[in-house]
> 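One structure coming up, written as structure tokens, with questions to follow.
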2 protein chains.
Amino acid sequence: MDLDPRKKEVLHAIVDDYVSTFEPVGSKSLIERHGFDVSSATLRNEMADLEHMGFLEKPHTSAGRIPSDKGYREYVDSLMKVEPLSRKEQAKIEENIKASVGELGDLIKSAADTLSQATGFVSLTCSPRLKKSYLTQLKILMIEPGKALVVVVLSAGVVKDKLVRIPNFITDKQIYDISNAIEKNITGKPLDEITLITVSSALKGGSDIPDSLLNQVLYEAYAAIKQADRMDVYLEGSHRMLSLPDFSSMGRATQLLGSLADDGMVAGYLNEMEAQDKSNQDSYMIRIGQEITLEGFDDCSFITTTYNMGDGVQGNIGVIGPKRMEYSKVISQIDFVKKNLDEQIKIINE
Amino acid sequence: MDLDPRKKEVLHAIVDDYVSTFEPVGSKSLIERHGFDVSSATLRNEMADLEHMGFLEKPHTSAGRIPSDKGYREYVDSLMKVEPLSRKEQAKIEENIKASVGELGDLIKSAADTLSQATGFVSLTCSPRLKKSYLTQLKILMIEPGKALVVVVLSAGVVKDKLVRIPNFITDKQIYDISNAIEKNITGKPLDEITLITVSSALKGGSDIPDSLLNQVLYEAYAAIKQADRMDVYLEGSHRMLSLPDFSSMGRATQLLGSLADDGMVAGYLNEMEAQDKSNQDSYMIRIGQEITLEGFDDCSFITTTYNMGDGVQGNIGVIGPKRMEYSKVISQIDFVKKNLDEQIKIINE
DNA sequence: TTTGGCACTCGATGAGTGAGAGTGCTAATT
DNA sequence: AATTAGCACTCTCACTCATCGAGTGCCAAA
């Protein structure tokens with residue numbers, strides 16, 4: 001399975017060339033650009049070998065070669081070297097991210113925007129899965145008769161809330177009591193162990209509210225808690241894909257943007273990816289071309305990593321770009337954005 | 001300025017034809033499709049007149065005519081008849097909107113999605129301008145030391161909140177007192193009359209917290225209040241524009257989607273439109289082609305109307321589509337969605 | 001194992017062509 | 001004065017055809 005050193009060099013060169021020119025690379029231009037010390041015929045033979053092994057493809061009988069998915073995979077796994085960004089690029093990213101003010105949500109959005117702008121591709125962020133995080137506070141706040149705000153505070157300082165309807169004549173005081181009772185009941189429990197029964201237990205009968213009404217409130221509180229682990233996916237910069245030569249055909253572009261519009265689908269796939277790569281947590285997840293099992297992403301690659309919100313709570317951040325991309329550069333861009341994001345989150349959380 | 005009846009008929013027919021075929025319409029096909037009782041030569045004369053008057057344009061010397069912006073404007077203002085949707089379409093829209101559960105935000109999103117799907121264009125919603133609505137409640141909720149949630153309740157039952165940082169050693173009780181004091185101070189005031197001074201007045205010195213710390217809390221509360229009237233624009237279905245023949249050239253499509261990606265720009269323009277049309281509140285605002293002063297929307301039209309959240313608080317909902325659209329149909333679609341949305345909002349608010 | 005040489009393939013480019021749809025104008029008709 | 005028939009003209013679109021150039025595969029020689 002391992003390639004001899006020259007084949008590696010050739011594959012490396014071809015990927016580099018193809019990525020930067022977007023044109024099938026032929027034996028001759030390969031010699032011109034890289035200083036190979038052999039004739040074009042020799043390279044042709046090597047290239048034919050690489051093709052048989054599945055690392056290269058020919059678009060037409062008589063065109064140069066382009067990397068196959070397997071070729072990109074080999075490149076990513078063992079050929080490329082990730083080099084750090086230039087000072088300039090670093091500065092730009094830092095500046096952008098630091099410019100965002102205030103809330104966590106804004107910060108993450110800002111990181112995504114920055115990443116999309118830096119790469120020129122679509123950036124993707126996904127809020128952390130919170131199933132395993134535990135509940136530290138639950139408050140129900142009366143807004144007006146019949147309406148209340150349920151505030152759920154989770155470990156890692158995540159705050160979610162939901163506006164709910166409650167029976168009209170429940171009073172401020174009653175809500176306050178219910179809220180305290182629920183809180184006492186489930187504080188410290190991981191989110192995915194909380195059920196409607198856990199929420200309600202040891203609560204009924206203890207107050208002056210009829211069970212049927214109490215149940216309604218309990219249910220709403222429960223729903224609010226459950227909703228807290230809703231995964232929010234944010235895709236930014238889809239329109240940038242249109243400017244890429246890779247998607248200059250209307251058909252491909254339409255299909256891609258259509259798929260990107262369905263962020264639920266992307267979220268689902270992210271989950272799947274994470275399940276597969278559970279081992280190398282904290283590192284990069286990369287999917288190239290047809291490795292992506294979603295419709296319409298044949299010419300794309302996903303690269304994601306995780307950002308940290310403390311207490312082991314992690315979200316995803318990454319890029320969806322053409323599979324013909326400068327992997328090493330994009331990876332270091334993601335990496336740098338991630339680091340900045342982690343830092344800023346730490347600052348927000350103290 | 002008014003056209004004689006036959007010219008009106010001709011313009012009407014041309015717009016109809018062009019909208020449905022997307023091909024410049026010529027004198028002959030006009031006779032075939034519509035039962036004009038004159039010869040093609042007569043129509044040619046009429047068409048030449050209409051062109052001189054600015055209602056029609058020729059893409060090339062020897063092609064049929066297409067409506068100019070002015071032509072569409074005339075069509076929209078005085079020629080077309082808005083007809084109600086078919087039962088089927090109505091049912092579909094109703095179903096979609098009713099399927100959305102729970103919160104106001106979800107409901108509006110759902111309305112936008114429905115509208116985009118129904119029209120095949122981009123739908124646009126904009127949260128209400130809240131400057132004129134008044135504050136009914138303000139609560140500050142301690143989340144953990146150094147972190148609090150400011151909940152702002154406005155008239156019409158709008159609830160906004162913001163997570164803020166506060167000095168570490170401020171206690172639950174202190175926050176509670178501050179919160180009450182502020183609330184007492186500014187309840188009932190319109191949002192745009194609230195200043196940092198209003199928030200702070202009559203508060204300092206009354207507590208055991210040093211002024212500098214108190215100021216920090218007050219500022220955060222103030223910022224949370226001010227943020228409540230942030231206009232949220234939501235654009236849905238940009239990708240659908242790619243399927244339209246109007247944007248089948250990559251250049252136009254790229255430009256359009258690029259402009260659509262900047263929702264701040266759209267929000268700003270909406271504001272502008274509203275200022276212009278202040279008179280006919282509650283009705284439709286329509287901008288056609290170059291009437292839109294934004295870059296990149298030359299081939300588009302905006303149609304928006306308002307939805308009601310009670311207490312005179314209104315948001316915008318509408319469509320951005322190709323100017324070559326079935327105006328009467330799209331208007332009734334928007335109208336129907338708006339009606340359903342209004343209804344559902346009423347239900348949510350009781 | 002490498003290399004030079006050669007025949008072959010295939011896509012891109014550009015020119016030329018004819019068909020088709022539509023126009024504007026003029027002169028005759030109503 | 002309005003309408004119509006007729007005709008020359010214009011312009012796009014689709015099609016064909018030839019050519020060019022980059023690249024390949026393979027064979028025989030080094």
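Computed from a predicted structure; not experimentally measured. Convention: sequence-line order gives letters A, B, ...; per-chain numbering from 1.
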> Can you tell me if R65(B) touches the phosphate of dT23(C), counting only side-chain N or O atoms and a distance under 4.0 Å to OP1 or OP2?
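The answer is yes; a side-chain N or O of R65(B) sits under 4.0 Å from OP1 or OP2.
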
> L50(A) CG to dT24(D) C1': how many Å, rounded?
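Taking atom C1' of dT24(D) as the reference, CG of L50(A) is at 15 Å.
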
> How about Q255(A) and R252(A): does a side-chain donor come under 3.5 Å of a side-chain acceptor?
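On atom types as modelled, these side chains do not qualify, holding no pair under 3.5 Å.
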
> Return yes if some donor-acceptor pair links the side-chain N/O of T42(B) with the main-chain N/O of V38(B) below 3.5 Å, else return no.
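No.
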
> Output the distance between atom CG (D246(B)) and atom CE (M325(B)), rounded to the nearest 0.5 Å.
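Result: 9.5 Å between the selected atoms.
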
> How many whole angstroms separate atom CD1 of I14(B) from atom P of dT23(C)?
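Nearest whole value for this atom pair: 9 Å.
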
> Assess the pair Y75(B) and F55(B): is the distance between their ring centroids shorter than 6.0 Å?
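No.
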
> Nearest-Å distance, CD1 (I66(A)) to C1' (dT24(D))?
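The distance from CD1 of I66(A) to C1' of dT24(D) comes to 15 Å, rounded to the nearest Å.
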
> Does the plane of the ring in Y72(A) sit parallel, tilted or perpendicular to the ring in Y327(A)? Use 30° and 60° as the thresholds.
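Answer is tilted, since the angle falls between 30° and 60°.
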
> Per the side-chain hydrogen bond (donor to acceptor under 3.5 Å, both in side chains) rule, which among K323(B), K70(B), R73(B) passes with E291(B)?
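Answer to the side-chain hydrogen bond (donor to acceptor under 3.5 Å, both in side chains) test with E291(B) among K323(B), K70(B), R73(B): R73(B).
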
> Is there a side-chain contact between R240(A) and V122(A) (heavy atoms, below 4.5 Å)?
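Answer no - side chains too far apart.
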
> To the nearest Å, give me how far apart CD (E51(A)) and C1' (dC26(D)) are.
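Whole-Å distance recorded here is 15 Å.
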
> In residues 18-48 of chain A, what residues come within less than 4.0 Å of DNA chain D, judged by heavy atoms?
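Those residues whose heavy atoms fall under 4.0 Å from DNA chain D, taken from residues 18-48 of chain A in numerical order, are G26(A), S27(A), R44(A), M47(A).
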
> If you take any heavy atom closer than 4.0 Å to DNA chain C, which residues from residues 56-63 of chain A end up in contact?
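The stretch gives H60(A), T61(A), S62(A) as the residues lying under 4.0 Å from the strand, ordered by number.
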
> With distance as the sole criterion, is a donor-acceptor pair present between the side chains of E32(B) and S29(B) under 3.5 Å?
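Distance-only check fails for E32(B) and S29(B).
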
> Looking at R6(A), does any N or O in its side chain come under 4.0 Å of the phosphate oxygens OP1/OP2 on dT1(C)?
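Answer is no, no contact under 4.0 Å.
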
